[in-house]
Amino acid sequence: MAAEEGGVLFNNGQLTCIAQNWSSIPGDVIEQHAAATKRLDLSFNVLRSLSGLDRFVNLEELVVDNNELGDDLRFPPLKSLHTIMMNKNSIASIDGLLDDMAQQLPALSFLSLLGNIACPNELSSSEKDEDDYRRYRLYVLYKLPKLRFLDSRSVTQKEKGEAARSGQFMKVVRMDDTATDGASARSRTRSTDISGEEYTPLPQTLANEGDHKGTFGVCRYVYYGRHSEGNRFIRNRDL
């Protein structure tokens with residue numbers, strides 16, 4: 001039997017709480033529905049935390065699309081939770097999240113992270129391509145080998161085998177803004193010498209005429225580079 005209160009709908013084990021402008025799950029909702037809920041839909045809120053999810057002990061499916069969940073998200077132990085849809089949140093790094101899922105969610109077999117920065121495809125960035133997404137898939141499958149479905153498609157046996165062999169090497173490391181700013185500052189520091197003048201690798205004075213030490217000669221080798229801009233060494237008969 002369906003029961004609706006304040007836009008919250010509970011029907012046959014499914015709790016639907018869409019577009020409630022919640023930043024966390026309200027305590028009264030947890031008290032009233034947690035124990036009987038098998039499918040929880042919290043889409044289109046402003047969730048930054050899933051505090052209280054541990055009370056949903058019988059939860060099997062969780063939908064939290066279009067929220068503001070970030071890299072600090074962690075799950076409580078939920079032995080029956082097999083499906084998580086977390087599309088379009090604020091997840092930029094998945095290392096900690098995947099480790100947590102592997103430990104806390106033994107039944108997890110369906111995961112979708114589309115639209116997060118951590119999932120590199122056209123939904124998260126127009127600069128990403130299929131190779132970026134393939135590396136991401138292999139890394140996720142290495143961390144969560146029990147997955148049968150990732151994002152928009154099923155996991156193949158070939159992918160599972162490749163993930164087992166090389167998935168650990170597919171991790172993408174991103175430099176944060178702080179590190180970038182620090183590197184720029186160090187670069188600026190190195191560009192100034194002890195006297196305070198701007199550093200330049202060029203000589204400070206011009207050499208006198210006739211003092212140069214340039215050399216020339218004949219080389220019998222020819223450079224054939226794949227991306228060559230022309231032969232680096234030219235024989236006399238080529239001139």
Would you compute the distance between atom [atom1] of [X] and atom [atom2] of [Y] and round it to the nearest 0.5 angstrom?
X	Y	atom1	atom2	result
Ser112	Leu147	OG	CG	11.0 Å
Leu98	Leu105	CG	CG	11.0 Å
Ile91	Leu73	CD1	CG	6.0 Å
Ile18	Asp65	CD1	CG	9.5 Å
Glu61	Ile84	CD	CD1	11.0 Å
Asp54	Leu50	CG	CG	10.5 Å

Identify the two heavy atoms, one from [X] and one from [Y], that lie closest to each other, and give their separation to 0.1 Å.
X	Y	result
Leu69	Ser49	CD2-N, 3.7 Å
Gly96	Arg74	CA-NH2, 3.5 Å
Asp71	Ala92	OD1-N, 2.7 Å
Val64	Met86	CG2-CG, 3.5 Å
Val155	Lys160	CG1-CG, 3.7 Å
Gly52	Ile30	CA-CD1, 3.8 Å

Run the numbers on Val8 and Thr16 for side-chain contact (heavy atoms from CB on, under 4.5 Å), then give the verdict. CA-CA 6 Å; Val8 176; Thr16 303; over 6 Å; no
If Ile, Leu, Val, Met, Phe, Trp and Tyr residues are connected whenever their side-chain heavy atoms lie under 4.5 Å apart, and connections chain through other members, are Leu53 and Val63 in the same group?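 Each belongs to a different hydrophobic cluster.
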Please determine whether residues Met85 and Leu113 belong to a single hydrophobic cluster, defined as Ile, Leu, Val, Met, Phe, Trp and Tyr linked transitively by side-chain heavy-atom distances below 4.5 Å.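 Not linked; separate clusters.
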Is the shortest heavy-atom distance from the side chain of [X] to the side chain of [Y] under 4.5 Å?
X	Y	result
Ser51	Ile25	no
Trp22	Leu42	yes
Asp99	Gln103	no
Lys146	Ser109	no
Asp151	Tyr133	yes
Asp95	Tyr139	yes
Leu111	Met101	yes
Arg137	Arg153	yes

Residue pair [X] / [Y], side-chain donor-acceptor N/O under 3.5 Å:
X	Y	answer
Ser166	Gln168	no
Asp131	Tyr136	no
Asp41	Ser43	yes

Hey, is CZ on Phe44 packed in by over 12 heavy atoms from elsewhere, all under 6.0 Å? no
Check the surroundings of atom CZ in Arg148: do more than 12 heavy atoms from other residues, nucleotides or ligands lie under 6.0 Å from it?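 No - once you tally the heavy atoms of other residues, nucleotides and ligands closer than 6.0 Å, there are 12 at most.
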Verify, without hydrogens or angle tests, whether [X] (side chain) and [Y] (backbone) share a donor-acceptor contact under 3.5 angstrom.
X	Y	value
Thr37	Arg39	no
Glu159	Thr156	yes
Gln104	Phe75	yes
Asn67	Asn45	yes
Arg135	Lys171	no
Asn116	Asn87	no
Asn58	Lys38	no

Let's go through Val57 and Leu78 carefully: what are the C-alpha distance in whole Å and the side-chain angles of both, what is the deciding distance for side-chain contact (heavy atoms from CB on, under 4.5 Å) to 0.1 Å, and is it a yes or a no? CA-CA 6 Å; Val57 294; Leu78 293 170; 5.6 Å; no
List the steps and the verdict of side-chain contact (heavy atoms from CB on, under 4.5 Å) for Leu15 and Phe56. CA-CA 11 Å; Leu15 179 60; Phe56 292 79; 4.1 Å; yes
Evaluation steps, side-chain contact (heavy atoms from CB on, under 4.5 Å), between Ser23 and Leu47: CA-CA 4 Å; Ser23 59; Leu47 294 175; 5.7 Å; no
